[in-house]
Amino acid sequence: MSEAAAERCHVNLETIVSLCKRRGIIFPGSEIYEGLAGTYDYGPIGIELKRNVRDAWWRSMIYERDDVEGLESAILMNPRTWKASGHVDTFSDPLSDSLGPSRKRYRADHIEETECTAYRVINATEEANPVAYGKAEIWAGSKKKAKEFYEAYWKKHLGITDERVKLEEVEGSTRKGRFSPDDGGVLTEPRPFNLMLQTQLGPVADSAATVYLRPETAQGMFVNFSNVQASMRRKLPFGIAQNGKSFRNEITPKNFIFRTREFEQMEMEFFCKPGELCREGERNDMDWFAHWIEYRLAWHIRYGLKKEHLRVHYQAANELAHYSKACGDIEFLFPIGWNELEGVANRTNYDLKQHMEFSGKDLQYFDPELNAHYIPYVIEPALGVDRACLAFLTDAYTEEQVKEDKRVVLKLHRDLAPIKCAVFPLLKNRPEIVAMAKNLCRDLKQSFYAVYDDTAAIGKLYRRQDEIGTPFCVTVDVESLEDQAVTIRERDSMQQIRLGVDKVREYVAEELRKARG
Ligand code: GAP
């Protein structure tokens, strides 16, 4: 992608989070109970966006191709699935605990080694500061940093209010190591922590009843490979796609919906011939790997992500997951910086081979052209729905100066826009105008999602719809009663045209169709 890609996103995460809350897109999960870390709820507008993202993906994977089948497998699977896939033994993050006052837990590989010195609190009085006085140490790169730790963390959590705090360097304490960014505490040696969430099936809580909430949708497709291939009479190459919830006990869920503990994935397993079995001119697994990276990049651009905000990072050998021999991460310039949006992996025949071994079932493919059995290779594009929503919201977010005012508008692709058309009566105290607007809205609803709104003045109604990305707004005014025509305003250009009320549905439907291309 473009070499000149900007390194800073044009919008910060707080702005997106606040818009999402204000406009019914996304709310913090269990908010009235002070939330549950790593969970979010999609509001009336957000769920439409999410559905549209899923639909756009499904269309491009299933309906617009003839080599991929759909599937919906159960979230709960026989636990041997996860033993076979390697998730029980290797799906873990290295964890370290702070020995500082917070006792916070961190991903060890997310914290760099730094040179630090220990500082001791010395002249806050013992009564004001019984925990810290003369005993507790704060590890930091400088005295200034140590004071910041003290003020931000210790004062908040221990209720210490003494302003006269002074710190003293602990002699000979300077050394390199990993320290908590929150309280300066030394971090313990990393230990592996499995990310799979467990639950119990049946009335008896013994280990035999333990099942996992799936950490990826992929395994549902591997265990159904033979079912789909035989029932749909498929020859290689072909894919199986599905969309659904996945769960991971992420240690540090953060950055809004970027990394959560419950999330949704859209994944596709594409079964193909490995290189050594291919004749000249045939696409082998690595050719399909390149194809799927291009195909997925084109999808992101088609639905509104800017080319210069996308790039591909090819993982080095030490970054690869236990099942893959190559992986291209499609990265996006999120408000938090460049980060993985989607992964395209060459999973080789690892998963099918493992399931053959653990289940004892033959999952080989019989190739009639080669007159031979073999285990297909797999290319897997895997995208998070929530992460895709965050990317689309980010690139759609626009602030414009319109005369004296700032206009916030979500320039979402029309296919992704939650509401396609909003209808307003210019005067809500004129029953004939209200009736005409409501009738029009009922008519529009037969073809796409339209809403009627009369809860504010026209200017405010436009602003609200701009903020959630509604491509068309229609106003019914006094003249409409005479000429049976209404005003349609387009979101991005703000251009208005006058059109017969009986033509609006056809006009908007045609504009939406054109946008799909
Ligand atoms: N089946 C392969 C797989 O699951 P992954 O890279 O772990 O690979 C694929 O996940 C995609 O799922 C990621 O690129 C991301 O978009 C999304 N994803 C993964 N973990 C997530 C989390 N904790 N929260 C939100 N999205 C997540």
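Numbering of ligands and ligand atoms starts at 1, following listing order. Note: hydrogens, waters and symmetry copies are ignored here, and every other heavy atom, side chains too, is used. Predicted, not measured: the structure shown is a model, and the values here were computed from it. Residues: numbered from 1 along the sequence shown.
The residue Arg214 has no part lying near ligand 1, judged by heavy-atom distances below 4.0 Å. Contact annotation for Arg259 and ligand 1: heavy atoms of both the backbone and the side chain come within less than 4.0 Å of the ligand. Looking at Tyr323 against ligand 1, only its side chain comes within 4.0 Å, counting heavy atoms. Residue contacts with ligand 1 for Arg261 are absent, since no atom lies close enough (heavy atoms, distance under 4.0 Å). If you look at Asp329 next to ligand 1, there are no close heavy atoms at all, none under 4.0 Å.
At a threshold of 4.5 Å between non-hydrogen side-chain atoms, the residues Phe392 and Leu305 count as touching.
Asn249 pairs with exactly one of Leu197, Asp93, Asn194, Leu213 by the side-chain contact (heavy atoms from CB on, under 4.5 Å) rule, that one being Leu197. Of the candidates Met77, Arg214, Glu269, Gln219 forms a side-chain contact (heavy atoms from CB on, under 4.5 Å) with just one, namely Met77.
A salt bridge does not link Glu399 to Arg407: none of the charged side-chain nitrogens sits closer than 4.0 Å to a carboxylate oxygen. Using a 4.0 Å cut-off between charged side-chain N and carboxylate O, Arg491 and Asp466 make no salt bridge. Taking a cutoff of 4.0 Å between a charged side-chain nitrogen and a carboxylate oxygen, Lys145 and Glu148 qualify as a salt bridge.
Taking every heavy atom of Glu340 and a limit of under 4.0 angstrom, the matching atoms of ligand 1 come to 6 (O), 13 (C), 14 (O). Near Arg248, the atoms of ligand 1 lying under 4.0 angstrom from a non-hydrogen atom of the residue are 3 (C), 4 (O), 5 (P), 7 (O), 10 (O), 19 (C), 20 (N). Here is the list of ligand 1 atoms found below 4.0 Å of a heavy atom in Glu216: 1 (N), 2 (C), 3 (C), 4 (O).
The protein atom (non-hydrogen) at minimum distance from atom 24 (N) of ligand 1 is Thr260 N, 3.0 Å.
The distance from the NE2 atom of His87 to the CE atom of Met196 is 7.0 Å, given to the nearest 0.5 Å.
Residue Ile257 has no nitrogen or oxygen atom sitting less than 3.5 Å from a nitrogen or oxygen atom of ligand 1, judged on distance alone. Any N or O atom pair closer than 3.5 Å counts here, and Pro215 shares no such pair with ligand 1.
Using cut-offs of 30° and 60° on the angle between ring planes, the pair Phe225 and Phe238 is parallel. Taking the six-membered ring for Trp and thresholds of 30 and 60 degrees, Phe332 and Phe334 have ring planes more than 60 degrees apart, a perpendicular arrangement.
Using a 4.0 angstrom heavy-atom cutoff, Arg347 counts as in contact with ligand 1. The shortest separation from a heavy atom of Asp386 to ligand 1 is not under 4.0 Å, leaving the residue out of contact.
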